[in-house]
J.: 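Shown below is the structure under consideration.
Side-chain atoms are counted along with the backbone in the values below, which use heavy atoms only and exclude waters and symmetry mates. FYI, the numbering just counts along the sequence from 1.
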Amino acid sequence: MVAVAAPHGPLSLTGTHWLADHPEGRIPAVPGLWREEGDEVVLAATPEDGLTVDGKPLAGEIRLGADRGPIDASRVAQGERRLVVLSREGLWAVRDFDPQSPARHSFRTIDATPYDPKWSLEGAFRPYGSDRTVRVENADGRERGLGLAGEIAFTVDGAEHTLQVAVEPDGSLWAVFADTTSGDSSYRFRFLRPAAPDGEGGVRVDFNRTLLPPCAFADHFICPFPPPGNTLTVAVPAGERNRIDG
């Protein structure tokens, strides 16, 4: 919860601006002139824009690649704001993180269920023969590819269930899923990040560690919806459930 409410955490995102939607280069409420050029973004600014790049005032043009590190270490800033360069499927965007965002100041806490051992389950990881990509709708209404490397299988009340997962660079797993509580007593979908499977494919499926996706905290994230088959037919009353504002 501390990370969510941090000055440049998810609650501070006030916009994701796709440059293709602004061919003239002017993004409403974002200083500077932004344009795509090949595999880079070109930013032009005047001293009046108040922009800095790598901590130095920008007057003129600079070429930028996608930001990969922490938000507060992104190259372009205007005071406390961070303007993060993003690339997805060949399209470029600028994200505006502002610590003064209304969402950050209205946030109170996360509704999370107390730990229940029942929802820490033994599971098995079943890798696919090769990685797959499925097209799924994202929270911004656009469809994008979601890479999947296998599935995890586990048992709830005697019945087997599966979730398709991606494998992260460190070997851990990532699932986007919904259940019968989604959109009712919990957010419309959630994330689960099990640790890397052991040598025999065993994996701990601990739904107590279920996480809200970033788009539960700001409308401007592009979280993928669950792929086909990742809507469980049981209720999962565990982990993070909803954001609560004060």
Side-chain angles (χ1 to χ4, degrees), residues 4 9-23 27-28 36 66-68 71 84-97 101 103 107 110-111 126-128 130-154 161-169 172-194 205 207 209-243 245:
V4 168
L11 288 160
S12 70
L13 181 64
T14 61
T16 295
H17 307 281
W18 296 97
L19 298 190
D21 295 335
H22 305 281
I27 301 172
E36 302 177 40
D67 286 299
R68 304 293 185 190
I71 301 305
V84 177
V85 178
L86 170 74
S87 178
R88 286 289 188 277
E89 297 188 336
L91 298 175
W92 292 92
V94 177
R95 278 182 165 165
D96 186 356
F97 287 84
S101 72
F107 172 75
I110 293 173
D111 175 23
R126 302 168 180 168
Y128 298 142
S130 59
D131 289 353
R132 306 174 184 177
T133 298
V134 297
R135 304 295 292 183
V136 298
E137 187 178 355
N138 284 207
D140 64 348
R142 305 188 189 195
E143 190 178 272
R144 297 182 178 87
L146 177 65
L148 299 168
E151 66 181 26
I152 50 176
F154 51 92
H161 299 269
T162 61
L163 289 175
Q164 299 176 85
V165 297
V167 176
E168 301 283 37
S172 63
L173 308 178
W174 173 49
V176 185
F177 80 96
D179 64 279
T180 62
T181 73
S182 299
D184 183 12
S185 59
S186 68
Y187 190 70
R188 53 184 173 167
F189 62 95
R190 293 180 286 169
F191 288 175
L192 183 66
R193 296 186 178 277
V205 183
F207 284 102
R209 300 185 182 278
T210 297
L211 300 170
L212 292 175
C215 55
F217 302 101
D219 294 334
H220 309 287
F221 283 102
I222 55 175
C223 307
F225 288 174
N230 272 28
T231 298
L232 299 174
T233 57
V234 295
V236 181
E240 295 184 351
R241 310 290 296 282
N242 275 305
R243 164 184 140 188
D245 291 337

J.: Please assess Arg188 against Asp184 for the test salt bridge (Lys or Arg N to Asp or Glu O under 4.0 Å), listing each intermediate value before the final yes or no.
T.: CA-CA 8 Å; Arg188 53 184 173 167; Asp184 183 12; over 6 Å; no
J.: Identify the heavy atoms of Pro214 and Cys223 that sit nearest to each other, and give their distance.
T.: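 Of all heavy-atom pairs spanning Pro214 and Cys223, the closest is CD-SG, 3.7 Å.
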J.: Side chain of Asp179, backbone of Val236: donor and acceptor closer than 3.5 Å?
T.: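 It does hold such a pair.
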J.: So which atom in Asn138 and which in Val136 form the shortest heavy-atom distance, rounded to 0.1 Å?
T.: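 For Asn138 versus Val136, the nearest heavy atoms are ND2-O, 3.2 Å.
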J.: Between Gly147 and Ala166, what is the shortest heavy-atom contact and its length?
T.: O-CB, 3.4 Å
J.: We want to know whether Arg190 and Ser182 form a side-chain donor-acceptor pair, criterion being a heavy-atom distance below 3.5 angstrom.
T.: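 Their side chains do not contain a donor-acceptor pair, so the 3.5 Å distance test is not met.
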J.: Has the side chain of Ser186 got a donor or acceptor atom that lies under 3.5 Å from a matching backbone atom of Thr181?
T.: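 Looks like yes, one N/O pair under 3.5 Å.
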J.: Using atom types as modelled and distance alone, determine if a side-chain donor or acceptor of Asp131 lies under 3.5 Å from a backbone N or O of Ala149.
T.: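 Answer holds: no.
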J.: Hey, does the side chain of Asp111 reach the backbone of Arg243 with a donor-acceptor pair shorter than 3.5 angstrom?
T.: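 Between the backbone of Arg243 and the side chain of Asp111 there is no qualifying donor-acceptor contact (under 3.5 Å).
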J.: Quick one, Ile222 with Arg142, criterion side chain to side chain contact (heavy atoms under 4.5 Å, CB included). Give me CA distance, side-chain angles, the key distance, then yes/no.
T.: CA-CA 8 Å; Ile222 55 175; Arg142 305 188 189 195; over 6 Å; no
J.: Counting distance only, does the side-chain N/O of Gln164 pair as donor-acceptor with the main-chain N or O of Pro228 below 3.5 Å?
T.: yes
J.: Check step by step if side chain to side chain contact (heavy atoms under 4.5 Å, CB included) holds for Ile27 and Val94.
T.: CA-CA 9 Å; Ile27 301 172; Val94 177; 4.1 Å; yes
J.: Looking at side-chain heavy atoms only, is the closest gap between Phe191 and Thr210 below 4.5 Å?
T.: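 Answer no - side chains too far apart.
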J.: Answer with yes or no after comparing the ring centroid distance for Phe207 and Phe177 against a 6.0 Å cut-off, counting only values under it.
T.: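 Centroid distance Phe207-Phe177: below 6.0 Å, so yes.
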J.: Can you tell me how far OG of Ser87 sits from CG of Leu19, rounded to the nearest 0.5 angstrom?
T.: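 Taking CG in Leu19 and OG in Ser87, the distance rounds to 10.0 Å.
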J.: Measuring from Tyr187:OH to Glu240:CD, what's the distance to the nearest 0.5 Å?
T.: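 One finds 13.0 Å between OH of Tyr187 and CD of Glu240.
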J.: Working to the nearest 0.5 angstrom, can you tell me the gap between Ile110 CD1 and Leu212 CG?
T.: 5.5 Å
J.: Please report the C-alpha distance between Leu192 and Val205 in whole Å, then the side-chain angles of each, then the deciding distance to 0.1 Å, and finally whether the side chain to side chain contact (heavy atoms under 4.5 Å, CB included) criterion is met.
T.: CA-CA 8 Å; Leu192 183 66; Val205 183; 3.8 Å; yes
J.: So do the side chains of Val234 and Thr180 get within less than 4.5 Å of each other, counting heavy atoms only?
T.: no
J.: What I'd like to find out is whether the side chain of Leu86 reaches to under 4.5 Å of the side chain of Thr16, using heavy atoms alone.
T.: yes
J.: Measure the CG-CZ distance between Leu146 and Arg135 for me, rounded to the nearest 0.5 Å.
T.: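 Leu146 CG to Arg135 CZ: 10.0 Å, rounded to 0.5 Å.
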J.: Find the distance between CZ (Phe97) and CD1 (Ile71) and round it off to the nearest 0.5 Å.
T.: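 Taking CZ in Phe97 and CD1 in Ile71, the distance rounds to 4.0 Å.
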J.: How close do Pro194 and Ser172 get, heavy atom to heavy atom, and via which atoms?
T.: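 The pair with the smallest heavy-atom distance is O-CB, 3.5 Å.
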J.: Please check if the number of heavy atoms outside Arg209 that lie under 6.0 Å from its CZ is greater than 12.
T.: no
J.: Would a 4.5 Å heavy-atom cut-off, applied to side chains only, mark Trp174 and Leu148 as touching?
T.: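 No. Closest side-chain heavy atoms not under 4.5 Å.
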J.: Side chains of Leu13 and Asp96, heavy atoms from C-beta outward: is any pair under 4.5 Å?
T.: no
J.: Quick one, Leu232 and Leu163 - any side-chain contact, counting heavy atoms below 4.5 Å?
T.: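 Result yes, sub-4.5 Å side-chain heavy-atom pair found.
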J.: So which atom in Val134 and which in Pro227 form the shortest heavy-atom distance, rounded to 0.1 Å?
T.: CG2-CB, 4.1 Å
J.: Heavy-atom distance under 4.5 Å between the side chains of Phe225 and Phe189, does that happen here?
T.: yes
J.: If every non-hydrogen atom of Glu143 is compared with every non-hydrogen atom of Glu89, which pair is closest and at what distance?
T.: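 That closest heavy-atom pairing would be O-OE1, 4.4 Å.
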J.: Are the side chains of Arg95 and Phe221 in contact, using a 4.5 Å heavy-atom criterion?
T.: yes
J.: Between Arg193 and Glu168, is the salt bridge (Lys or Arg N to Asp or Glu O under 4.0 Å) condition met? List the steps.
T.: CA-CA 9 Å; Arg193 296 186 178 277; Glu168 301 283 37; 2.8 Å; yes
